[in-house]
Structures are given as C-alpha cells and as structure tokens.
Amino acid sequence: MTGLLRHRTYLPARELRRAYDVVIVGGGVNGLSLAYHLAAEHGIRDVAVLERAYIGSGGSGRNTQVLRANYNTPETVPLYAASLARYRGLSQELGFNVQFSTEGELDLCHTEDSLQVEREKSALNRALGVQTDILGPDEILEVCPLVDLSGGGELPVIGASYHPPGSFARHDAVVWGFAQAAARRGVDIHQGVVVTGVQVDDHTCVGVETSAGPVSAGHVVSAVAGWSTQLAAMAGVRLPIVTHLLQAFVTEPYRPVLRGLVSSMDLTIYVSQTTRGELLAGAEIVPYSTFSTRSTFEFLSEAARRSILILPFMAEARAMRQWGGSCDMTPDSSPILGPTPVDAFSVMAGMGTWGFKGAPIFGATMADSIATGRVPDLIAPFALSRFREDRMVPDAASAGTH
Ligand SMILES: Cc1cc2nc3c(=O)[nH]c(=O)nc-3n(C[C@H](O)[C@H](O)[C@H](O)COP(=O)(O)OP(=O)(O)OC[C@H]3O[C@@H](n4cnc5c(N)ncnc54)[C@H](O)[C@@H]3O)c2cc1C
C-alpha cells in the first residue's frame, strides 16, 4: 500500500465490546476530537465513539468551515484563539491534510450601532492579543475590491472590522483526520450504533443502552450537538438548550475570485469561496425551534438577495445546492463543556453555530478534564452550572444569531 492510501479513512472494523473506560456518544468533530485527545495526550485508549449514522453526518459535515477568534467576551476570545492555534498545526499533528488556510475575515457594517459593536470587539480582541482592526471604506476596498460600498444602493457600508487570522479548514477532512488518528491509537469508532438510553445508578452514570446492546462505561460523554437535550434527558439531566435549523448554499464552481470571508453584520449574511471554487453563503438560524434539517427556498432567495447587496458579482453566480443542519443554542450563545449533576456523565453541548471552530480545544480541554478530574481554566466559565449561578457568557453577536 502506498503512503497516500494509508492516510485514507478506512476505519478498522472492530467488535463493539461490552465495557469501555470512556464512551463518547456522537461521531462528529467534537466527539472525535475528544477521543483523539484522550488517547494521544493521556494514553486513555479504552474508548468507544458511538455514532448512530456515519461520522460527520451531523453539523460537522454541514458547516461553512469558518475558523476565527474575533469573539466578543473575555472568556470566548482566549478559547477560540487557542483553538485556532491548534488548527494551524492540525494537519501535521494528525498526519492528515485538513486543508487549513488563513485568508482573513471582513465584517461589514452599515449602521453606527453595528460599527460600535465592532469597535468594542476590536479593542477587546487586541487587548487579548488577537488582531481585529477597524477599517474605513477605502481600506475595505483594499482588502476586498469586490465589495459594493453602496450596499446595492440600499445600505451604504460605513466601516468594517477586519480579522486577518480568520481561516478555513475542510470540514470532512477534520472529521476524518481526528477519526483516523484516534483509531490508530486504539479508539473504537462504531458507526450505525444508536444510543437509546443512559444508565444511571445512584447519581452516577455507569453506561449506555444501544441498538447493539448495553455497554458499561467508567465515563460517558454526550457530544451529540443538535440532539443534546434528548441524550441528556436520558441521564435525567436538563440542558438549557433549544435546537434550531441553520442553512447554507453553494453556487456552481468558478475560478478563484473571492479571498477570505466577507460578511455583513447588519444583513447577517456571509460569503466565502471554497477550494473547489463554489461560492458558499450562510445566514442566521431560523427563528423557531425545530429538529428538522430540511432547507427552505425562503432561505435560498433571502440569502442570495443579501449576498448580492454586498457582493454584486454574486448575481451572475448560479446556485447549485443548499442544505441545513441542527444547532443546539444556549441562552447566552456559548457552549456547555464539562461535568453535569450526574457523576461520570459529561457534556460537550451548546455547540450552536460555533462548534466546528472550537473542536480542537474543546476536545483537548475535555480530555484534560476527564483524565485529571480537574476542569481546565480555559473552559471553567463554560460549565453547565453557570445558568444556575447566573454567570452567563453572553455572546450572541459572535454567534451571528442576533
Ligand atoms: C449550515 C451550518 C453552518 C455552520 N457553520 C459553522 C462555521 O462556519 N464554523 C463553526 O465553527 N461552526 C459552524 N456550524 C456549527 C457546527 O457545524 C457545529 O457546531 C459542529 O459541527 C458540532 O459538532 P459536534 O461534533 O458537536 O456535533 P455533530 O457534528 O452534530 O455530531 C453529533 C453526532 O451525534 C450523533 N447522534 C445524535 N444522537 C445520537 C444517538 N442517540 N446515538 C448515537 N449518535 C447520536 C449524530 O448522528 C451526529 O453525527 C455550522 C452549522 C451549520 C448547520
């Protein structure tokens, strides 16, 4: 076998055993990142990832691949900066090309209100060592000459923030890279296994019920994103999460014309160009709660309209495909990472619209937490208990949900 073929994602077929040290429910980028970090950084290899469909079939294979650290709170900026730093070396670390590229992110503002939010964000980011600059109209055109500063004659652009470290990575490759690196270290990844129950004995989680029979475990982690409320309920844990639909569309592929991410903070639209040449656009979550992942024509027409207002060349592009995925939204638009009131049952939940960019650091810190029993400082603010203790980390502006 050539070296090239060895690096493809043929996961070893292994039998599902009846007991593991750690069972991770959900074979998305976060569950797989956790499995990888448990094995690679702590030598905990007696780990099973149980995925009801196929790895990456949830949000991990449906996202728009945006990686960035320009968040709006003193808790979230260091978290996503640490994740971005890990992404930079991820291809080398995993021995798998995740197609990481740094191309910058330009956030356009059409109102004084949104520009003020960006000014405050820039000041906070810079204080925390993350580059986010405020640009005037001329500087915007230097970064991206394709922007229509008149906003289609409807919404003139008055300024922008620019985040040069803004990056992309290929979502499937990140999933496959973590999966393969975890499997190489002995982690069992079982696709087509549905977790149907969580076994709790005297306030302690002792295993799961699955479509392939019971599996006992020293620790169970829920990493099921859009299905987090359902899985946690099986353990008797209530999560303050509501699931929403988030959608995206791509056009036919074109020659490279757009570098980096261009978004409008007031229109809530963002556009990039994939390495395959497709123009990729996304917008906000649908305003109602749903487990449906069916994409809508309303989204396509509205997202296309908004894209054209900031990038008029989009009017010539032909939409090719659209899709939707589930986002588990918390009241403060920040994730929930760590233990729950049930011993040995932890959650990586509240991944919302931001869970792809956080995966390397979410997996690494959760692995530390499980291996050592101590929650790392970086994720301590994101404990489930914050909702009871009124210590929210409100960041709706970063989540693109406002
Ligand atoms: C259109 C769209 C665009 C997005 N864009 C971005 C972006 O640009 N940047 C960013 O950072 N984030 C983005 N996100 C959010 C991001 O995709 C998610 O937060 C992230 O993928 C969540 O990963 P995960 O591993 O936690 O969950 P998922 O990838 O959703 O994986 C959870 C898995 O759990 C499995 N599962 C569920 N229930 C069970 C069960 N009972 N038993 C066994 N398995 C189960 C599911 O089948 C699924 O595969 C976007 C999301 C969408 C939908």
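Counting convention: from 1, in listed order, for ligands and their atoms alike.
Electrostatic pairing of Glu41 and Arg86 counts as a salt bridge here, judged by a charged N lying under 4.0 Å from a carboxylate O. With respect to Glu302 and Arg305, a salt bridge is recorded, a charged nitrogen being found less than 4.0 Å from a carboxylate O. Between Glu75 and Arg391, no side-chain nitrogen of the basic residue sits less than 4.0 Å from a carboxylate oxygen of the acidic one, so the salt-bridge criterion is not met. By the 4.0 Å N-to-carboxylate-O rule, Arg126 lies close enough to Asp133 to be salt-bridged with it.
Ligand 1 has an N or O atom lying under 3.5 Å from an N or O atom of Val66, backbone or side chain. The distance criterion of under 3.5 Å between nitrogen or oxygen atoms is not met by Ala248 with respect to ligand 1. Checked against a 3.5 angstrom limit, the closest N/O atoms of Thr64 and ligand 1 fall inside it. For ligand 1, one of its N or O atoms has an N or O atom of Met351 under 3.5 Å away. Considering backbone and side-chain atoms together, Gly355 places an N or O closer than 3.5 Å to an N or O of ligand 1. Of the polar atoms of Trp354, at least one N or O is found under 3.5 Å from an N or O of ligand 1, judged by distance alone. For ligand 1, the polar-atom distance check against Val195 finds a nitrogen or oxygen pair separated by under 3.5 Å.
Atom 15 (C) of ligand 1 has Gly352 O, 3.4 Å as its closest protein atom, hydrogens excluded (heavy atom only). Scanning all protein heavy atoms for the shortest distance to atom 16 (C) of ligand 1 gives Phe356 N, 3.8 Å. Scanning all protein heavy atoms for the shortest distance to atom 51 (C) of ligand 1 gives Leu246 CD2, 3.7 Å. Ranking the protein heavy atoms by distance from atom 6 (C) of ligand 1 puts Asn63 CB, 3.4 Å first. Of the protein's non-hydrogen atoms, the one nearest atom 27 (O) of ligand 1 is Ala225 CB, 3.1 Å. For atom 33 (C) of ligand 1, the closest non-hydrogen atom on the protein side is Glu51 OE1, 3.4 Å. The nearest protein atom to atom 12 (N) of ligand 1, hydrogens excluded, is given as Thr353 O, 3.1 Å; this is a heavy-atom distance. Taking atom 53 (C) of ligand 1 as the reference point, the nearest protein heavy-atom neighbour is Gly325 CA, 3.5 Å.
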Under 3.5 Å, which donor-acceptor pairs do the side chains of residues 229-236 form with other protein atoms, sequence neighbours left out?
none

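Proximity to Gly26 (heavy-atom distance under 4.0 Å) selects the following atoms of ligand 1: 33 (C), 34 (O), 35 (C). Each of the following atoms of ligand 1 lies closer than 4.0 Å to a heavy atom of Leu50: 43 (C), 44 (N). Shown in contact with Val193 at under 4.0 Å from a heavy atom are these atoms of ligand 1, numbered in order with element: 43 (C). Contact atoms of ligand 1 toward Val29: 23 (O), 25 (O) (distance under 4.0 Å to a heavy atom of the residue). Short contacts between ligand 1 and Lys357, defined as distances under 4.0 Å to a heavy atom of the residue, involve ligand atoms 9 (N), 10 (C), 11 (O). Under a 4.0 Å criterion applied to the non-hydrogen atoms of Ser57, ligand 1 contributes the atoms 47 (O), 49 (O).
For Thr340, there are no side-chain hydrogen bond (donor to acceptor under 3.5 Å, both in side chains) partners, not counting sequence neighbours.
At a heavy-atom distance under 4.0 Å, only backbone atoms of Ala223 (N, CA, C or O) approach ligand 1. For Ile55, no heavy-atom contact with ligand 1 is shorter than 4.0 Å. Contacts of His171 with ligand 1, taken as heavy-atom pairs under 4.0 Å, are absent altogether.
Between the side chains of Glu93 and Tyr87, no donor-acceptor pair of N or O atoms lies under 3.5 Å. Side-chain atoms of Asp395 and Ser333 form no donor-acceptor pair, as typed in the model, at a separation below 3.5 Å.
Scanning Val194, Thr293, Val224, Asn30 for the heavy atom closest to atom 38 (N) of ligand 1 points to Val224. Evaluated by nearest non-hydrogen atom to atom 23 (O) of ligand 1, the leading choice among Gly58, Gly28, Gly59, Ser60 is Ser60.
Note that CD of Gln65 and OG of Ser101 are 9.0 Å apart. Values are rounded to the nearest 0.5 Å. Between the CD1 atom in Ile379 and the CG atom in Asp368 there is a gap of 8.0 Å [rounded to 0.5 Å].
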